[in-house]
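Remember, it's a predicted structure, so these values are computed and weren't measured experimentally. All chains are named by letter (A, B, ...) in the order of the sequence lines, taking the proteins before the strands, and each is independently numbered beginning at 1.
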Protein chains: 2
Amino acid sequence: MVSVECRSTVGRLSKATPSTRSLNKPRQARDSEATKAQILNAAEEEFARHGLSGARMDAIAAGTGVTKAMIYYYFENKEGLYQAVLQRPAHELLDALKQLPLDELAPEQALEMLVKGAIAHEVAHPYQQMILFQEASQNRGKYFAQADWQAPFAYLLKILERGMVDGTFRAVDPWLTAINIAGVCNFYFTTYDNVKHIAPDWDFRNPAMVERHTQEAIAFILAAVKQQK
Amino acid sequence: MVSVECRSTVGRLSKATPSTRSLNKPRQARDSEATKAQILNAAEEEFARHGLSGARMDAIAAGTGVTKAMIYYYFENKEGLYQAVLQRPAHELLDALKQLPLDELAPEQALEMLVKGAIAHEVAHPYQQMILFQEASQNRGKYFAQADWQAPFAYLLKILERGMVDGTFRAVDPWLTAINIAGVCNFYFTTYDNVKHIAPDWDFRNPAMVERHTQEAIAFILAAVKQQK
DNA sequence: GTCTATACTGCGATAGAC
DNA sequence: GTCTATCGCAGTATAGAC
């Protein structure tokens with residue numbers, strides 16, 4: 001029996017990078033910031049699909065146009081690259097949340113805005129949630145603890161507590177409910193590749209489909225926490 | 001091609017294995033079914049943590065007490081073992097659902113029973129959901145499509161549609177809502193290892209904690225889909 | 001049926017030319 | 001800064017003794 005072929009990245013990489021470089025680079029053959037961002041983008045998908053130990057540096061290099069040696073030049077090693085990938089969306093999400101006027105809104109509107117923002121952010125960083133899952137599965141959250149993911153959660157907890165105080169929301173366990181809300185926002189993206197095989201024709205990256213998910217998620221979550229009249 | 005010829009590195013392995021066996025094993029008589037189940041249990045956790053390509057046959061063997069060669073004896077190869085692991089909980093979940101009198105209950109009660117059953121099943125198979133996620137991430141659902149996961153979903157869809165017809169539930173998109181419900185049931189288990197680092201002292205395998213999650217999930221889901229009076 | 005030993009390949013990391 | 005080449009170990013799978 002031939003072995004499994006779970007990965008298709010194998011040999012032939014050395015040939016594969018002819019000179020795609022000189023095309024997309026108008027000038028300035030050396031732009032360290034752009035190169036780093038490019039590496040992070042490719043690494044984000046590879047780590048999301050395979051986790052820290054499963055990701056292949058060759059695969060990341062193949063997704064960037066630069067060589068594997070360059071990745072080691074910019075990032076100390078595989079682990080350093082992983083930490084950088086994990087850190088980036090945490091900061092970007094936090095920055096996005098900071099700009100929302102959540103405190104000025106009624107709990108209900110604040111929750112709706114937060115959910116909308118979180119899903120939009122997930123769309124902008126398509127692999128964020130997958131990486132977090134890989135992190136939990138493989139490393140039991142070791143690197144998650146080092147990144148700055150606490151703050152975004154705090155926003156959600158605060159809204160829930162505010163809503164319970166003023167009677168808009170029913171009495172819930174804030175942590176468990178926060179997890180449930182996060183689950184509704186994200187599960188769509190993490191299970192799509194399975195569900196697509198058993199559900200009628202879907203294209204979950206399709207903006208219209210994402211919009212429908214957003215609307216359904218908001219309606220679902222608000223109904224779930226609102227105090228019944 | 002300067003031939004490398006330093007293949008001599010391989011020969012040094014012979015020192016390494018000091019035969020840890022033969023100490024005190026209950027020496028169970030040869031029981032192929034028990035051994036197979038034992039292998040599947042160990043494989044379930046390893047595949048859940050690392051996925052098909054990331055799982056290590058050595059690690060699985062270490063978790064069973066039998067040698068790696070025995071795993072290849074019982075299962076054709078890594079892929080065959082993976083498929084067996086993926087298949088098992090699908091059938092067990094389906095069998096469990098078949099025994100629930102869902103059709104005889106009102107949609108609301110049926111949904112509650114289904115959610116309770118699904119969470120209980122997840123607790124009995126602690127790594128089921130993680131494997132499904134790994135499957136989506138790494139293999140884009142290729143093996144998921146081969147296992148029999150369609151049927152359990154059908155039960156949920158049917159209940160939702162029944163509830164919309166009789167007016168118990170509000171008008172929702174059945175598929176998106178089914179995914180949201182599955183997300184609420186499962187997200188707790190898949191993110192615990194991350195969340196535990198930022199939430200106060202939790203022990204999510206603790207039965208009392210699981211019971212709280214079950215209650216919160218049921219309340220959350222029912223409130224989310226019920227028609228407002 | 002169960003073990004030990006090992007062949008062959010995949011992959012992280014580095015050396016060194018330019 | 002960027003590349004090519006390659007080292008050395010880890011990992012799948014198998015052969016063959018008992």
**Request:** Report which part of the nucleic acid B:A59 touches: base, sugar-phosphate, or nothing (heavy-atom distance under 4.0 Å, all strands).
**Result:** nothing
**Prompt:** Base, sugar-phosphate, or nothing for A:Y74, non-hydrogen atoms under 4.0 angstrom?
**Reply:** sugar-phosphate
**Request:** Can you tell me which residue pairs pass the side-chain hydrogen bond (donor to acceptor under 3.5 Å, both in side chains) test with a partner in residues 147-156 of chain B, sequence neighbours excluded?
**Result:** none
**Prompt:** In whole angstrom, what separates A:I71's CD1 from D:dC3's C1'?
**Reply:** 13 Å
**Prompt:** Taking only N and O in the side chain of A:R56, is any of them less than 4.0 Å away from OP1 or OP2 of C:dG10?
**Reply:** no
**Fill in**
A correct 5'-to-3' footprint of nucleotides 13-18 of chain C, with B, S and - meaning base, sugar-phosphate only and no protein heavy atom under 4.0 Å, is BB----
**Request:** Nearest whole angstrom, please: distance from the P of D:dG1 to the NZ of A:K36.
**Result:** 10 Å
What pairs of donor and acceptor atoms, side-chain ones from residues 192-199 of chain A against any protein atom, are under 3.5 angstrom apart with sequence neighbours left out?
from: A:Y192; atom 1: OH; to: A:W202; atom 2: O; distance (Å): 2.9
from: A:D193; atom 1: OD1; to: A:K196; atom 2: NZ; distance (Å): 3.0
from: A:N194; atom 1: ND2; to: B:L132; atom 2: O; distance (Å): 2.7
from: A:H197; atom 1: ND1; to: A:D193; atom 2: O; distance (Å): 3.1
from: A:H197; atom 1: ND1; to: B:G141; atom 2: O; distance (Å): 3.2

**Length of the CD-C1' vector between A:E33 and D:dG1, whole Å** = 15 Å
**Prompt:** Nearest-Å distance, OH (B:Y73) to P (C:dT4)?
**Reply:** 17 Å
**Request:** Check every atom of C:dG12, D:dC3, C:dC3 against the side chain of A:M70 and return the nucleotide holding the closest atom.
**Result:** D:dC3
**Prompt:** With under 30° as parallel and over 60° as perpendicular, where do the rings of A:Y188 and A:H213 fit, or are they tilted in between?
**Reply:** parallel
**Message:** Does a side-chain N or O of B:T67 approach OP1 or OP2 of C:dC3 to a distance below 4.0 Å, or not?
**Reply:** yes
**Message:** Once side chain to side chain contact (heavy atoms under 4.5 Å, CB included) is applied, do any residues pair with A:A37, and if so which ones, sequence neighbours excluded?
**Reply:** none
**Item:** Distance in angstrom units between A:D58 CG and D:dT6 P, rounded
**Value:** 16 Å
**Asked** Under the salt bridge (Lys or Arg N to Asp or Glu O under 4.0 Å) rule, what pairs show up with a residue in residues 89-102 of chain A, not counting sequence neighbours?
**Response** none
**Message:** Applying side chain to side chain contact (heavy atoms under 4.5 Å, CB included), can you list everything that pairs with A:E45, at least two apart in sequence or on another chain?
**Reply:** A:R49, A:Y127, B:R140
**Asked** According to the interplanar angle, ranging from 0 to 90°, do the rings of A:F153 and A:W175 count as parallel (below 30°), tilted (30 to 60°) or perpendicular (above 60°)?
**Response** parallel
**Request:** Could you state the atom-to-atom distance from CD of A:E46 to C1' of C:dG12 in whole Å?
**Result:** 13 Å
